[in-house]
Novice: 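I'd like to ask you about the structure that follows.
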Amino acid sequence: MADFDLARIALPTGVELDVATAGDPQAPAIILLHGFPESHRTWRHQIPVLARTHFVIAPDQRGFARSSKPAGVEHYTPDKPVADLIALADHFGRDRFVLAGHDWGGAIAWMAALQHPDRVERLIIVNAPHPFVFQKSLFDDMQQRAASQYIRAFRNPALDDQVAAMGLGNFFDTSFARHADPALLAGERDAYLDEWGQPGAITAMLNWYRASAVIVPAMDETPERPAFLDAPFPKLAMPVLVIWGMGDKALLPVQLVGLDALVPDLKVVEVDAGHFVPWEAPEAVTGAMLDWLS
């Protein structure tokens with residue numbers, strides 16, 4: 001039996017999302033946002049534990065699994081999933097909530113906290129870079145720039161046809177599976193292939209990268225530096241917990257450098273794991289969350 005309920009929720013933003021919920025609806029709310037290329041299942045180990053003290057809300061974000069996949073890159077600019085998040089909180093009557101995000105879900109969580117500080121009571125980030133720190137590192141840290149070249153590949157429209165030609169199984173085995181512990185993925189392969197195999201899913205998931213305004217220079221490129229990198233950047237007032245899998249090959253530890261200047265009320269927990277730390281090291285992540293929330 002699943003540790004949560006899964007329901008289809010239509011939002012005024014024009015999409016329908018599959019949303020996992022667990023716990024007492026009268027308890028304080030925590031919203032969990034997954035990243036690429038996953039779903040609410042990113043948080044499968046955390047949901048039942050968090051549900052002991054919180055009402056857990058974990059959507060499949062637009063473009064993923066069986067949630068709506070509007071056609072067109074313009075539907076995946078970060079303001080769209082931020083709007084989905086706020087609409088989802090409104091749906092459950094939550095003016096204030098704890099927000100947690102991993103990977104792209106963390107990027108949306110950072111933006112939501114910056115834009116809606118009246119709604120986000122506390123923020124939990126798991127291996128997702130702060131927008132200022134990330135963009136700065138792509139200009140100033142060549143190791144991070146090299147590690148992020150995959151984003152340029154994901155933005156190539158030809159990739160969709162390449163994935164279709166090679167088959168989702170081969171794509172799983174030759175790309176995604178290389179970035180996580182094979183033993184942990186062994187029993188999950190079918191679930192991923194089912195989600196990725198939904199009509200339009202691959203294009204929709206990749207459109208998150210294509211819609212992003214983040215500049216990822218080529219290794220031999222020196223583009224004009226964004227002006228905001230040399231101007232004051234807004235600080236976050238709410239308490240923030242950052243959990244970081246230090247073995248992440250895509251998002252290097254440089255993403256933690258300078259973060260305390262942007263987040264005055266910051267706690268960082270370093271974990272011996274890779275990028276997919278919520279299920280690579282679930283006990284460490286859940287424990288850090290519980291300790292901080294209590």
Side-chain angles (χ1 to χ4, degrees), residues 9-19 29 31-40 42 57-65 67-92 94-136 138 148 151 154-155 157 200-201 203-216 226-229 231-238 240 251 255 262-263:
I9 296 177
L11 298 177
T13 54
V15 296
E16 296 182 1
L17 304 184
D18 281 354
V19 182
I31 301 178
L32 309 177
L33 300 180
H34 69 85
F36 177 94
E38 303 201 280
S39 67
H40 68 274
T42 295
I57 304 166
D60 291 341
Q61 299 204 76
R62 63 168 62 203
F64 291 88
S67 289
S68 293
K69 301 170 184 63
V73 172
E74 69 274 11
H75 295 289
Y76 299 91
T77 53
D79 59 297
K80 305 302 193 306
V82 169
D84 293 343
L85 164 68
I86 298 302
L88 187 62
D90 291 344
H91 173 86
F92 286 102
R94 301 301 179 132
D95 292 331
R96 300 271 286 169
F97 50 88
V98 178
L99 178 59
H102 171 254
D103 186 78
W104 264 113
I108 298 309
W110 280 120
M111 180 172 285
L114 286 162
Q115 296 181 346
H116 301 277
D118 57 321
R119 305 297 298 271
V120 180
E121 183 177 2
R122 298 166 73 88
L123 180 65
I124 302 173
I125 296 293
V126 186
N127 282 69
H130 184 284
F132 179 89
V133 176
F134 188 44
Q135 186 63 91
K136 185 175 186 297
L138 290 171
S148 297
I151 296 176
F154 281 3
R155 288 173 169 173
T203 295
M205 291 191 295
L206 291 172
N207 278 345
W208 281 61
Y209 292 92
R210 295 160 182 163
S212 169
V214 172
I215 300 170
V216 184
F228 79 88
L229 291 182
F233 197 88
K235 296 182 180 182
L236 284 176
M238 75 282 293
V240 178
L251 297 168
Q255 299 308 321
L262 297 161
V263 186

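Note that this is a predicted model, so its numbers are computed, not measured.
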Novice: What pair of heavy atoms forms the shortest contact from Arg119 to Asp95, and how long is it?
Specialist: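 Closest pair (atom of Arg119, atom of Asp95, distance): NE-O, 2.7 Å.
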
Novice: Take Leu236 and Leu262, measure what side chain to side chain contact (heavy atoms under 4.5 Å, CB included) needs, and give me the verdict at the end.
Specialist: CA-CA 7 Å; Leu236 284 176; Leu262 297 161; over 6 Å; no

Novice: Is the shortest heavy-atom distance from the side chain of Trp208 to the side chain of Thr77 under 4.5 Å?
Specialist: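 When only atoms from C-beta onward are counted, Thr77 and Trp208 do not touch, as no gap falls below 4.5 Å.
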
Novice: Give me the atom names and distance for the closest heavy-atom approach of Phe132 to Ala231.
Specialist: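 In terms of heavy atoms, the two residues are closest at CE1-O, 4.4 Å.
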
Novice: Kindly say whether Ala112 contributes a backbone atom to a donor-acceptor pair with the side chain of His116 at under 3.5 angstrom?
Specialist: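 No, because the side chain of His116 does not come within donor-acceptor range (under 3.5 Å) of the backbone of Ala112.
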
Novice: Decide yes or no for Lys136 and Val133: does some side-chain heavy atom of the first lie under 4.5 Å from some side-chain heavy atom of the second?
Specialist: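 Contact flag for Lys136/Val133 side chains = no.
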
Novice: How far apart are the closest heavy atoms of His34 and Thr42, and which atoms are they?
Specialist: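 Closest approach of His34 to Thr42, heavy atoms only: CB-OG1, 3.4 Å.
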
Novice: When the side chains of residues 10-19 are checked against the rest of the protein, which donor-acceptor pairs come out under 3.5 Å, sequence neighbours left out?
Specialist:
residue: Thr13; atom: OG1; partner: Asp84; partner atom: OD1; Å: 2.6
residue: Glu16; atom: OE1; partner: Arg8; partner atom: NE; Å: 3.1
residue: Asp18; atom: OD1; partner: Arg8; partner atom: NH1; Å: 3.0

Novice: Any chance you could lay out the side chain to side chain contact (heavy atoms under 4.5 Å, CB included) test for Ser212 and Trp104, step after step, and finish with the verdict?
Specialist: CA-CA 10 Å; Ser212 169; Trp104 264 113; 3.6 Å; yes

Novice: For side chain to side chain contact (heavy atoms under 4.5 Å, CB included), just list the numbers for Val214 and Leu138, CA-CA rounded to whole Å, side-chain angles, deciding distance to a tenth of an Å, and then say yes or no.
Specialist: CA-CA 9 Å; Val214 172; Leu138 290 171; 3.5 Å; yes

Novice: Give, for atom OG of Ser39 and atom CE of Met205, the distance between the pair rounded to the nearest 0.5 Å.
Specialist: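 So the gap between those two atoms works out to 10.0 Å.
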
Novice: Under 4.5 Å between any side-chain heavy atoms of Glu38 and Phe64, yes or no?
Specialist: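 No, side chains not in contact.
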
Novice: List the residues meeting ring-ring contact (aromatic ring centres under 6.0 Å, His included) with Phe36, not counting sequence neighbours, and say none if there are none.
Specialist: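 Residues passing ring-ring contact (aromatic ring centres under 6.0 Å, His included) with Phe36: Phe154, Tyr209.
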
Novice: Measuring from Ile31:CD1 to Leu88:CG, what's the distance to the nearest 0.5 Å?
Specialist: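 Ile31 CD1 to Leu88 CG: 5.5 Å, rounded to 0.5 Å.
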
Novice: Check whether Ser67 reaches the backbone of Asp60 with its side chain - one donor and one acceptor, N or O, closer than 3.5 Å.
Specialist: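 Looks like yes, one N/O pair under 3.5 Å.
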
Novice: What is the minimum heavy-atom distance between Arg62 and Pro70, and which atoms define it?
Specialist: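 Taking Arg62 first and Pro70 second, the nearest heavy atoms are NH1-CG, 4.0 Å.
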
Novice: Could you report the tightest heavy-atom contact between Pro226 and Gln135, atom names first, then the distance?
Specialist: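 Heavy-atom minimum between the residues: CG-CG, 4.2 Å.
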
Novice: Do Arg155 and Leu206 have side chains that get closer than 4.5 Å, going by heavy atoms?
Specialist: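 Arg155 vs Leu206: side chains apart.
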
Novice: Are any non-hydrogen side-chain atoms of Asn127 and His102 less than 4.5 angstrom apart?
Specialist: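 A side-chain contact under 4.5 Å exists here.
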
Novice: So Phe92 and Ile9, do their side chains get closer than 4.5 Å, heavy atoms only?
Specialist: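 Result yes, sub-4.5 Å side-chain heavy-atom pair found.
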
Novice: For a 4.5 angstrom cut-off between non-hydrogen side-chain atoms, does Leu85 reach Leu99?
Specialist: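 A side-chain contact under 4.5 Å exists here.
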
Novice: How about Ile57 and Phe97: do any of their side-chain heavy atoms sit closer than 4.5 Å?
Specialist: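 Side-chain contact under 4.5 Å: no.
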
Novice: Enter the distance from Glu121:CD to Arg96:CZ here, rounded to the nearest 0.5 Å.
Specialist: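 Interatomic distance, Glu121 CD to Arg96 CZ, rounded to 0.5 Å: 5.0 Å.
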
Novice: Using 0.5 Å steps for rounding, measure from the CZ atom of Phe134 to the OG atom of Ser148.
Specialist: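 One finds 4.0 Å between CZ of Phe134 and OG of Ser148.
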
Novice: Tell me, please, which residues at least two apart from Trp110 pass ring-ring contact (aromatic ring centres under 6.0 Å, His included).
Specialist: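 ring-ring contact (aromatic ring centres under 6.0 Å, His included) check on Trp110 returns His130.
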
Novice: Considering all heavy atoms of both residues, which atom of Arg94 and which atom of Ala29 are nearest to each other, and what is their separation?
Specialist: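 Heavy-atom minimum between the residues: NH1-N, 3.4 Å.
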
